[in-house]
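Everything below concerns the one structure shown next.
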Number of protein chains: 2
Amino acid sequence: MELKNNKILIADDEPDILEIIQFNLAAEGYTVYTAKNGDEAIESAKRYQPNLIILDVMMPGKTGIEVCNILRLQPVFDQTLIIFLTAMSDEKTEIEGLETGADDYLTKPISPRVLVTKVNALFRRINKEDNGVLQAGDIQIDRERYLIIHKGEELLLARKEFELLALLASKPGKVFLRNEILNQVWGTEVIVGDRTIDVHIRKIRQKLGLDCIKTVKGVGYKFEL
Amino acid sequence: MELKNNKILIADDEPDILEIIQFNLAAEGYTVYTAKNGDEAIESAKRYQPNLIILDVMMPGKTGIEVCNILRLQPVFDQTLIIFLTAMSDEKTEIEGLETGADDYLTKPISPRVLVTKVNALFRRINKEDNGVLQAGDIQIDRERYLIIHKGEELLLARKEFELLALLASKPGKVFLRNEILNQVWGTEVIVGDRTIDVHIRKIRQKLGLDCIKTVKGVGYKFEL
DNA sequence: TCGGGTTATTATCAAATTGTTAACGGAAAC
DNA sequence: GTTTCCGTTAACAATTTGATAATAACCCGA
């Protein structure tokens, strides 16, 4: 049903727990990496750039909280989800963890079903494109079928046009800087001129027939109603 | 978005890289200093007290990591952001750097766009006021959507007007000297006459229809109520 | 009240930014 | 092997913005 192209890193010093979690998440379709201690976790995190990191708090060497603190220092891990595994009702730890910016907790012993549920819930929250369809105003953006639906009519956009519109519509109202647009739609490697964006914007406006993309001069573009 | 009164020091022994980085960051409105080796870097850092230091790891004399360690010893550089430039995927160095307290990494070859994005992101993290809504009296300043909301009505300001108002409203009551305003909104590079500020103030007053910007004769302007 | 210094206002011009169109090369489709 | 479509660019038009100059209005103290 879903394309779970999400990477998860698990760090725990107990091999049994590691295996249970790995098995259950892999069965859900996630790509799972493991680490046996804090240092391994940091290394793996940097290498694989996982979307979610599950950290045991009690680990030899660096604790989960220390790992979290170190990772959060880097913007790369700004958006990364982090879940802590704690021994039962360790309130002090929870408070401490909260401050380091964890997204959720799990207390041992772990129920595989609870785990999977929480993980799914977290990702659902992040990937708004839940069922592949992004709703913005009366416009539907179907990522899976790569088309726009406006008032029942299906509209076919070219790839770049589609991605550009999808980006803008992903946060209605937000002004996207030209830089942001280039990064998200064209990637960081390619170098294209500034006019390129304009031309694509124009094509979208033309095909949509709606004035839903506003120009904010000197700043960028935004999608609005 | 253009509160870039930030100073950046770059240290690299390759003149080409130095120039590329300098050019791109200067274009973003940062004030940029350069150094050709570790010792120069330390000297410049002490002299200019930059907000961000970009250090090549491999440099003749002192390496970037050594420079970092030396600087971090002094409380003055406690809060200074540090980014390392490393050869491609040198994980060992990255781990080592992390421990010395770097804030981010860039791997060569450098993409100017990635560089600019990361630098902006770092500063945004420090100056948290960047996104989110700033509430001042019954006026909301929405940085993300780049508009002013007053009594439910959305008001569009030109870029400089917006930045200027955002600056004044960021500290209601505080009198901003003309110099401060110039530095914050126009940056230290650009040179504009004094009347320019007046004109922008006037436009804001006009568009807002409110008397919320007070003149403090001989001193500057302040935002109030 | 007058004068010096400062700010307000206005119109104007230059520069920056974006819009538009056409055209070209290349990839994909036929 | 054509043909079509896409992405990009260049060139130019249109628009908006920002800076300045010139002038009026203001405030304060002498």
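Within every chain, numbering begins at 1; the chains are lettered A, B, ... in the order of the sequence lines, protein sequences first and strands thereafter.
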Test item: side-chain donor near acceptor, A/Glu163 and A/Tyr146, under 3.5 Å: yes
Gap between atoms NZ and C1', on A/Lys203 and C/dT21 respectively (whole Å): 11 Å
Below 4.0 Å: OP1/OP2 of C/dT17 and any side-chain N or O of B/Arg159: yes
Length of the CG-P vector between B/Asp194 and C/dT9, whole Å: 17 Å
NZ (B/Lys36) with more than 12 external heavy atoms under 6.0 Å: no
Inter-axis angle, terminal five-pair segments of the helix from C/dT1-D/dA30 to C/dC30-D/dG1 [nearest 10°]: 30°
Presence of B/His200 side-chain N/O under 4.0 Å of D/dA19 phosphate oxygens OP1/OP2: yes
Any side-chain heavy-atom pair of B/Ile141 and B/Ile139 under 4.5 Å: yes
Donor-acceptor pair under 3.5 Å, A/Lys217 side chain vs C/dT17 base: yes
Pair listing, side-chain hydrogen bond (donor to acceptor under 3.5 Å, both in side chains) test, anchored in residues 174-185 of chain A, at least two apart: A/Lys174-A/Glu180, A/Arg178-A/Asp198, A/Asn183-B/Thr117
A/Lys160 (side chain) and D/dC6 (base): donor-acceptor pair under 3.5 Å: no
side-chain N/O B/Arg178 vs C/dT7 OP1/OP2, d < 4.0 Å: yes
Phosphate OP1/OP2 of D/dG7 contacted by A/Arg195 side-chain N/O (<4.0 Å): no
Atom-to-atom span, CD1 of B/Ile204 to P of C/dA8 - whole angstrom: 12 Å
A/Ala158 side-chain proximity, nearest of D/dG7, D/dA10, C/dG19: D/dG7
B/Lys62 atom NZ, neighbour heavy-atom count above 12 within 6.0 Å: no
Length of the line joining B/Glu161:CD and D/dT16:C1', which is rounded to integer Å: 11 Å
Touch class at under 4.0 angstrom, heavy-atom based, for B/Tyr221 against every strand present: sugar-phosphate
Residue B/Val199, side-chain heavy atoms: nucleotide from C/dT9, D/dG18, C/dT21 that is nearest: C/dT9
Options D/dT20, C/dT18, D/dG18, nucleotide nearest the side-chain atoms of B/Trp186: D/dG18
Whole-Å gap separating P (C/dT7) and CD1 (B/Ile181): 10 Å
Whether B/Trp186 and B/His200 hold their rings parallel, tilted or perpendicular, with breakpoints at 30° and 60°: perpendicular
